[in-house]
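Below you'll find the structure, written out as structure tokens, and then a few comments.
The figures that follow rest on heavy atoms only: side chains count, while hydrogens, waters and symmetry mates do not.
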Amino acid sequence: METHEGAAAVGDGVLDYSRLSLSTFNVDSISNERKRDTKQLYLNYNRLASLSSSVSLFYNLEFLDISNNGLTTICEGITRLTRLRTLIAKNNRLDEFSLPKEFGSLQLEVLNFSGNRFQEIPLQCMKLLRLQSLSLGGNRLKSIPAEIESLVSLELLYLGGNLISAIPPEVANLPYLTYLVLCDNRIQSVPPQLTRLHSLRSLSLHNNLLTYLPREILSLVHLQELSLRGNPLVVRFVKEMTYDPPSLLELAGRTIKSRNIPYFPSDLPSNLLRYLDLASKCPNPKCAGVYFDSCVRQIKFVDFCGKYRLPLMHYLCSPECTSPCNSNPQSDAESEDESSVPADRLQRVLLG
């Protein structure tokens, strides 16, 4: 029988079984009193292939570290740890099939699954409504599920070092998200909906495939750090004038909106009322126009903190409606936006 003679009790409520080369975790030699009083259990840096259900005997456990083992599954018994708040399980062999069905019933606040083999974020994790920190860096994730929006308490989301190609707009529905780490992926664009992340302070997007940023990123009023190095951000002024002519429906809607023609719910069918509500104002300050589906995309450089020039995407109502001073890229970049990005708004823009 394997013994745990090297285990150490480090202060009240802490039991440390780390770095003992354990292949199994035998709790028979641990007194019932010690099991009851243990609040932190360290099993990291061992050789465990699975987590024994006997871990549920530590029913007052609040912190569990099972990192750096060979774990392929997590036992059903963990779901009986009703006081568990932190689970660190990084650098194992876990995947989306490794978790017990009722894993989402835990009251976790911190979950770290970095350095495993997840190709998808398990849906059980989307039920952890008290979760404040979720780390799944260094896995094989290809996407972020729309269900991520259910984690309404989330403050930190770490998904760096995966194969993610897109950011779903549902990420913008996380009201307390403060740190968003999406570096070292395959992301090609940033959804403008991220402007709703009013608590966001740090956005890490380095080493992706970004060529521009949405203009709406200027609305992230609390953003202090933006990391963009290692992206193919355009280095010259670029305009893309691909343009589909507006439909008759859009032309009529533009006329109503731009000329402020009054209308009432009793005047129009409900689908047309909804359509008129979707009008977007042209960002050109010299234009009073609007657009619905037909617009011109234009990349414009904006000066951040007087040091870096970033390409932001603009949407204009027509090819004739170009930004002021469009013949001079430098003037265009500086004409309207520099003064709207004070240095204290964005303290660090990391491009290299």
Practice task
Just do the side chain to side chain donor-acceptor pair (under 3.5 Å) check on Asn207 and Asp184 with the steps written out, would you?
Solution key: CA-CA 5 Å; Asn207 298 330; Asp184 299 288; 3.0 Å; yes
Handout entry: Atom pair CG/CG of Leu182 and Leu157 - distance to nearest 0.5 Å
Key = 6.5 Å
Handout entry: Cluster link Leu156 to Phe118, ILVMFWY, side chain under 4.5 Å
Key = no
Practice task
Report the distance from atom CD1 of Ile217 to atom CG of Leu200, rounding to the nearest 0.5 Å.
Solution key: 8.5 Å
Handout entry: Non-neighbouring partners of Tyr291 that pass side-chain hydrogen bond (donor to acceptor under 3.5 Å, both in side chains), sequence neighbours left out
Key = none
Problem - Distance (rounded to the nearest 0.5 Å) between Leu228 CG and Asn208 CG - result: 9.5 Å
Handout entry: Geometric class of the Tyr17/Phe25 ring pair [parallel <30°, tilted 30-60°, perpendicular >60°]
Key = perpendicular
Handout entry: Glu96 versus Arg117, closest heavy-atom pair with distance
Key = OE1-O, 4.1 Å
Completion exercise
Nearest heavy-atom approach of Phe292 to Glu250 is N-OE2, 2.9 Å
Problem - OG on Ser135 to CG on Leu111, rounded to 0.5 Å - result: 8.0 Å
Handout entry: Ser202 OG to Leu226 CG distance, which is reported to the nearest 0.5 Å
Key = 8.5 Å
Problem - Where Cys75 and Leu51 come nearest, the two heavy atoms and their spacing - result: CB-O, 2.9 Å
Fill in the blank from the handout: In terms of heavy-atom contacts, Phe264 and Leu273 come closest through O-CD2, 4.4 Å
Exercise for the section: Check the side chains of Ser114 and Asn112 for a donor-acceptor pair under 3.5 angstrom, ignoring hydrogens and angles. Expected result: yes
Exercise for the section: Specify the closest pair of heavy atoms between Leu163 and Asn185, including all atoms of both residues, with the distance to one decimal. Expected result: N-OD1, 3.3 Å
Practice task
Evaluate side chain to side chain donor-acceptor pair (under 3.5 Å) for Arg196 paired with Asn173, printing each intermediate quantity in order.
Solution key: CA-CA 7 Å; Arg196 300 202 302 266; Asn173 296 330; 2.8 Å; yes
Problem - Glu109 and Arg130 ion-paired at < 4.0 Å - result: yes
